Amino acid sequence: MTAHHVDPPSLPPQDARRRARRMTGPERREQLIDIARGLFAERGFEATAVEEIASKAGVSKPVVYEHFGGKEGLYAVVVDREVTRLVSHMRTALTPAEPRALLEAAAIALLDYIEASPDAFRIVVRDSPPGASTTTFQSIIGDVGTRVEGILADAFTQQGLDVDHVPMYAQMLIGMTVTLGQWWLDEREPDKRTVAAHLVNLAWYGLSGMQAHPELRTR
């Protein structure tokens, strides 16, 4: 006599969905951060609703408020996390002592980050909303700027240039690099090493040919 296989009783659809969605508190928090990260990158802070974040996570709005206190709190967590990652990435890259090598390392490091984390870069270069964390993209600008100022000060001294203007030139270099990165984020052509090489070409040879007392030629 052949034994018949009996399937275990299945859960009602609603109970099955509840079991599938059940997460620990930390797991749920990470899920919400991941979902919000994608939406903030795509639409920005203002156009992203708590209702949509909750819906994509399969939870109610109060769950989002329970973890983050609201959309501002969630946005602050997302921004802080990405800024910390990018600052760490840039600090690791900015180790060469030779000025041109440092410039090349900075350009490649930023483009590497954009290539690996385009959503994150879109978020960190946007202004934070009122009430969000004060740790923003300016943290990266300031951190990198301090390192660049030290390198430029040595170069200015060797070329007989006014070192009082070093902070201004450091911001010029950083601004040029960040703006180029924002353009390349959507273009992705040419490849990042080519983009970095052209950036260094303009910055390096521009710096090496600077005048001690520049003046405008037109009124």
Side-chain angles (χ1 to χ4, degrees), residues 41 44-45 76 79-118 120-130 132-187 190 192-219:
F45 175 80
V79 171
D80 283 351
R81 180 172 293 190
E82 296 306 332
V83 167
T84 299
R85 285 182 59 231
L86 181 50
V87 167
S88 176
H89 182 71
M90 294 300 291
R91 282 177 177 168
T92 301
L94 298 181
T95 54
E98 195 271 318
R100 174 157 181 154
L102 177 71
L103 188 58
E104 291 183 359
I108 285 293
L110 183 63
L111 294 175
D112 278 343
Y113 179 82
I114 293 171
E115 184 176 59
S117 308
F121 186 72
R122 285 188 176 92
I123 291 171
V124 298
V125 295
R126 289 191 176 116
D127 290 335
S128 298
S133 170
T134 56
T135 304
T136 64
F137 194 57
Q138 294 305 313
S139 301
I140 303 165
I141 298 299
D143 196 76
V144 176
T146 299
R147 180 76 172 113
V148 171
E149 283 181 24
I151 296 297
L152 287 181
D154 293 338
F156 271 48
T157 300
Q158 292 173 8
Q159 293 179 228
L161 302 173
D162 188 349
V163 293
D164 289 342
H165 293 149
V166 163
M168 179 172 61
Y169 279 90
Q171 291 303 311
M172 291 178 193
L173 283 175
I174 295 168
M176 178 173 68
T177 305
V178 170
T179 301
L180 178 64
Q182 289 176 286
W183 170 81
W184 189 73
L185 174 66
D186 296 316
E187 295 292 330
K192 66 184 176 185
R193 292 194 65 82
T194 300
V195 171
H198 282 278
L199 170 64
V200 172
N201 185 44
L202 174 60
W204 183 254
Y205 289 105
L207 286 170
S208 63
M210 286 195 305
Q211 298 176 326
H213 303 287
E215 294 182 353
L216 298 178
R217 295 187 178 183
T218 57
R219 291 185 181 274

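Quantities reported herein were computed from a predicted structural model and do not represent experimental measurements. The chain is numbered in sequence order, starting from 1.
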query = Roughly how far, to the nearest 0.5 Å, is OG1 of T84 from NE2 of H89?
reply = 14.5 Å

Nearest atoms (heavy-atom pairs only) where A203 meets L103 = CB-CD2, 3.6 Å

Qualifying salt bridge (charged side-chain N to carboxylate O under 4.0 Å, His left out) pairs, either residue in residues 102-111, two or more places apart = R100-E104

task = Look up atom OG1 in T179 and atom CD1 in I174, then write down how far apart they are to the nearest 0.5 Å.
result = 11.5 Å

Side-chain heavy-atom pair M168, M172 within 4.5 angstrom cut-off = yes

task = Drop me the distance from L110's CG to K192's NZ, to the nearest 0.5 angstrom.
result = 11.0 Å

message = On a heavy-atom basis, which atom in A153 and which in V163 lie closest, and how many Å separate them?
response = O-CG1, 4.1 Å

ask   = Can you list every ring-ring contact (aromatic ring centres under 6.0 Å, His included) pair that touches residues 153-183, not counting sequence neighbours?
value = F156-Y169

inquiry  = If you define the side chain from C-beta out and look only at heavy atoms, does anything of R85 sit under 4.5 Å from S117?
reply    = yes

remark   = Closest non-hydrogen atoms of L161 and A212, given as atom of the first, atom of the second and distance, are CD2-CA, 3.4 Å

key: Qualifying salt bridge (charged side-chain N to carboxylate O under 4.0 Å, His left out) pairs, either residue in residues 174-186, two or more places apart   = R122-D186

task = Please round to the nearest 0.5 Å and tell me the distance separating atom CG of L199 and atom OG1 of T194.
result = 12.5 Å

query = To the nearest 0.5 Å, what is the distance between CG (L111) and CZ (F121)?
reply = 8.5 Å

inquiry  = Could you walk me through whether V195 and E187 satisfy the side chain to side chain contact (heavy atoms under 4.5 Å, CB included) test, starting with their C-alpha distance in whole Å, then the side-chain angles of each, then the deciding distance to 0.1 Å, before giving a yes or no?
reply    = CA-CA 11 Å; V195 171; E187 295 292 330; over 6 Å; no

message = Let me confirm one number: the CG-CG distance from L180 to L185, rounded to the nearest 0.5 Å.
response = 11.0 Å

